[in-house]
Amino acid sequence: MTYKLPDIEKSYIPKVLLLGNGINKSFNRDSWDEMLKNIKEENITEQDLEIIKNLPYPLQAVAITKDQVDKKLEDFSEELVKIEITDEQQSMIRSLLECNFDAILTTNYTYEIEKSIDPEFSCKPKSRCKYRKKDVIDKYLTSKEKQYGLYRYMHLEKSDKQYNIWHIHGEAARPESMVLGHYYYGKLLSTVQNVVSKYMKKYHAKSEKIRLQNWVDYFLMGDVYILGFGLDLSEMDIWWLINCKKRNNPEGKVYYIEPNMDLEKNVGKKVLLQTYGVEIITELVNDGEYRDYYNRMIDFIKEKIKD
């Protein structure tokens with residue numbers, strides 16, 4: 001049976017999760033650090049690496065590949081697809097997904113969410129994938145909308161529940177969709193801006209219902225819970241959307257759930273988030289305490305959604 005994203009009442013506020021790499025890191029399974037080790041140019045010295053570590057994470061990859069990040073990611077995509085997760089990781093992610101989100105967004109290229117729902121999940125690089133869906137015919141999409149997969153999502157069903165997952169910065173099995181560095185962030189942002197224009201026309205139409213067809217639509221209309229995502233200032237697509245949401249769809253809230261936001265190094269980012277109307281949920285967390293922290297935050301989200 002062909003699945004289609006549902007039409008929803010404009011009075012309804014979807015529940016949206018934006019999940020970063022934090023949970024994976026709490027299990028010492030950091031696919032990001034592993035990727036950086038594997039895509040760096042051979043002639044990058046240890047001294048070079050120490051300097052590059054001062055850059056924001058998304059830009060470290062550009063520097064260590066000497067601006068060949070697209071080719072390096074394509075070469076490494078098969079390894080990214082194979083990354084597995086532990087039973088304990090699966091259990092934590094499943095607990096989070098009990099919130100029955102209308103849309104699940106992730107900045108990760110890898111498939112920890114899908115493998116937590118269905119351990120048999122598999123997608124091969126540059127191949128068709130039975131889980132991958134889109135509700136818009138290609139001829140109605142721009143070349144960049146197709147490349148970056150704004151309308152492509154993974155649809156999984158398990159125990160009578162349905163899950164729709166967008167890899168908003170690309171996915172490992174589609175290396176051409178992976179976004180990293182200024183050049184690709186800029187191209188993605190221009191695509192996002194085009195999609196926002198389409199969304200605003202739908203939102204202000206006279207119909208009482210609206211068809212949300214891509215992850216940007218859900219981000220703008222929903223209550224967005226951001227968890228395990230450092231949200232570096234270089235992540236300009238997300239920052240722009242947060243500001244755009246405040247200006248155009250303030251009914252939907254953004255909750256930024258991140259430890260240690262009161263530390264001096266994070267104060268500037270905290271002020272900017274508050275300026276954009278984001279509600280910050282934070283507490284002091286030491287090394288070795290992150291698994292307990294994420295379990296507490298998952299309980300917090302469950303209670304918040306229940307309210």
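Atoms considered below: every heavy atom in the structure, side chains included; atoms not considered: hydrogens, waters and symmetry mates. Numbers for residues simply follow the sequence, beginning at 1.
Considering all non-hydrogen atoms of both residues, Met92 and Tyr294 come closest at SD-CB, 3.8 Å. Lys302 and Cys99 make their closest contact through CG-SG, 3.5 Å (heavy atoms, listed as atom of the first residue, atom of the second, distance). Heavy atoms only, all atoms of each residue included: Ala61 and Ile39 are closest at CB-CD1, 4.1 Å. When all heavy atoms of Trp166 and Ala103 are compared, the pair lying nearest together is CZ3-CB, 3.7 Å. Scanning both residues, Asp102 and Pro14, for their nearest heavy atoms gives OD2-CA, 3.3 Å. Scanning all heavy atoms of the two residues, the minimum distance from Val195 to Glu145 falls at CG2-OE2, 3.6 Å.
Here the side chains of Leu19 and Leu96 are in contact, with some heavy-atom distance below 4.5 Å. Taking 4.5 Å as the limit, every side-chain heavy atom of Tyr290 sits out of range of all side-chain heavy atoms of Ile23. Trp215 has its side chain out of reach of Tyr151: every pair of non-hydrogen atoms, C-beta onward, lies at least 4.5 Å apart. No side-chain heavy atom of Phe229 sits under 4.5 Å from any side-chain heavy atom of Leu105. At least one side-chain heavy atom of Leu18 sits under 4.5 Å from a side-chain heavy atom of Phe219. For the pair Met261/Tyr256, a side-chain contact is recorded, criterion being any heavy-atom separation below 4.5 Å from C-beta on. Two residues are said to be in side-chain contact when any heavy atoms from C-beta on lie closer than 4.5 Å; Lys15 and Asp223 fail this criterion. Tyr293 has its side chain within reach of Glu283: a pair of non-hydrogen atoms, C-beta onward, lies under 4.5 Å apart.
Cluster annotation: Val285 and Ile257 are assigned to the same hydrophobic cluster (Ile/Leu/Val/Met/Phe/Trp/Tyr, side-chain heavy-atom contacts under 4.5 Å, transitive). No continuous path of ILVMFWY side-chain contacts below 4.5 Å connects Val16 to Ile13, so the two sit in separate hydrophobic clusters.
Atom CD of Glu9 sits in a crowded spot, with more than 12 heavy atoms from other residues, nucleotides or ligands closer than 6.0 Å. Heavy atoms from other residues, nucleotides or ligands lying under 6.0 Å from CD of Glu176 number more than 12. Annotation: Tyr12, atom OH; neighbour count of heavy atoms from other residues, nucleotides and ligands within 6.0 Å is above 12.
Counting only N and O atoms by type, the side chains of Tyr131 and Asp118 include a donor and acceptor under 3.5 Å apart. No hydrogens or angles considered: nothing links the side chains of Lys40 and Thr65 as a donor-acceptor pair under 3.5 Å. Between Asn295 and Asp292, the side chains place no donor N or O within less than 3.5 Å of an acceptor N or O (distance only, hydrogens not considered). In this model, no donor atom of one side chain and acceptor atom of the other lie less than 3.5 Å apart for Asn248 and Tyr203. For the residue pair Thr110 / Asn108, no side-chain donor-acceptor distance below 3.5 Å is found, with atom types taken as modelled. Side-chain contact annotation: Arg247 with Asn243, donor-acceptor N/O pair under 3.5 Å present.
Although no hydrogens or angles enter the test, the distance criterion places a donor-acceptor pair under 3.5 Å between the side chain of Arg174 and the main chain of Gln147. Not one N or O on the side chain of Glu50 forms a donor-acceptor pair closer than 3.5 Å with the backbone of Gln47. Between the side chain of Gln90 and the backbone N or O of Asp87, no donor-acceptor pair lies under 3.5 Å. Between the Asp48 side chain and the Ile44 main chain, no donor and acceptor come within less than 3.5 Å of each other. No donor-acceptor distance shorter than 3.5 angstrom exists from the side chain of Asn21 to the backbone of Gly228, with no hydrogens or angles considered. Looking only at distances, a side-chain donor or acceptor of Lys245 sits under 3.5 Å from a matching main-chain atom of Leu220. Side chain of Lys161 to main chain of Leu156: no donor-acceptor pair is present (N/O by atom type, distance under 3.5 Å, no hydrogens or angles). Side-chain N or O atoms of Glu41 include none that pairs as donor or acceptor with a backbone N or O of Lys66 at under 3.5 Å. Looking at Thr191, its side chain never comes within 3.5 Å of a backbone N or O of Leu189 through a donor-acceptor pair.
Exactly one of Arg211, Gln213, Lys4 qualifies for a side chain to side chain donor-acceptor pair (under 3.5 Å) with Asp135. That residue is Arg211. Partner of Leu231 under the side-chain contact (heavy atoms from CB on, under 4.5 Å) criterion, out of Ile238, Val278, Leu272: Ile238 alone.
Phe121 and Tyr111 have tilted rings, their planes meeting at an angle from 30° to 60° on a 0 to 90° scale.
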Ring pair (Phe, Tyr, Trp, His ring centres under 6.0 Å) for Tyr185 and His169? Distances and angles first, verdict last. CA-CA 9 Å; Tyr185 275 123; His169 287 165; 5.4 Å; yes
For the pair Lys124 and Glu78, evaluate salt bridge (Lys or Arg N to Asp or Glu O under 4.0 Å) and give the outcome as yes or no after the intermediate values. CA-CA 8 Å; Lys124 296 180 180 179; Glu78 290 194 17; over 6 Å; no
Please evaluate residues Asp70 and Tyr183 with respect to the criterion side-chain hydrogen bond (donor to acceptor under 3.5 Å, both in side chains), reporting the C-alpha separation (whole Å), side-chain torsions for both, the decisive distance (0.1 Å), and the verdict. CA-CA 10 Å; Asp70 49 345; Tyr183 181 75; over 6 Å; no
Between Val271 and Tyr276, does the side chain to side chain contact (heavy atoms under 4.5 Å, CB included) criterion hold? Intermediate values first, please. CA-CA 9 Å; Val271 169; Tyr276 290 162; over 6 Å; no
Do Thr106 and Ile168 pass the side chain to side chain contact (heavy atoms under 4.5 Å, CB included) test, and can you show the C-alpha distance, the side-chain angles, and the key distance before you say yes or no? CA-CA 6 Å; Thr106 180; Ile168 68 175; over 6 Å; no
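Remark: Glu171 engages Arg132 in a salt bridge, criterion side-chain N to carboxylate O under 4.0 Å. Between Lys71 and Glu74 there is no salt bridge, since no side-chain nitrogen of the basic residue lies less than 4.0 Å from a carboxylate oxygen of the acidic one. The residues Lys146 and Asp138 are annotated as not salt-bridged, no charged nitrogen and carboxylate oxygen being separated by less than 4.0 angstrom. Salt-bridge annotation for Lys202 and Asp217: present, with a side-chain N of the basic residue lying under 4.0 Å from a carboxylate O of the acidic one. Taking a cutoff of 4.0 Å between a charged side-chain nitrogen and a carboxylate oxygen, Glu112 and Lys115 do not qualify as a salt bridge.
Annotation: the span from Tyr163 atom OH to Ser116 atom OG amounts to 10.0 Å, rounded to 0.5 Å. In this structure, CZ in Phe300 is found 10.0 Å from CD1 in Ile305, a value given to the nearest 0.5 Å. Taken to the nearest 0.5 Å, the CE atom of Met297 stands 11.0 Å off from the CD atom of Glu258. Atom CG of Asn100 sits about 12.0 Å away from atom CG of Leu17, to the nearest 0.5 Å. To the nearest 0.5 Å, the span separating CD1 on Ile242 from CD on Glu235 amounts to 10.5 Å. For the atom pair CG of Asn266 and CD1 of Ile280, the computed distance is 9.5 Å after rounding to the nearest 0.5 Å.
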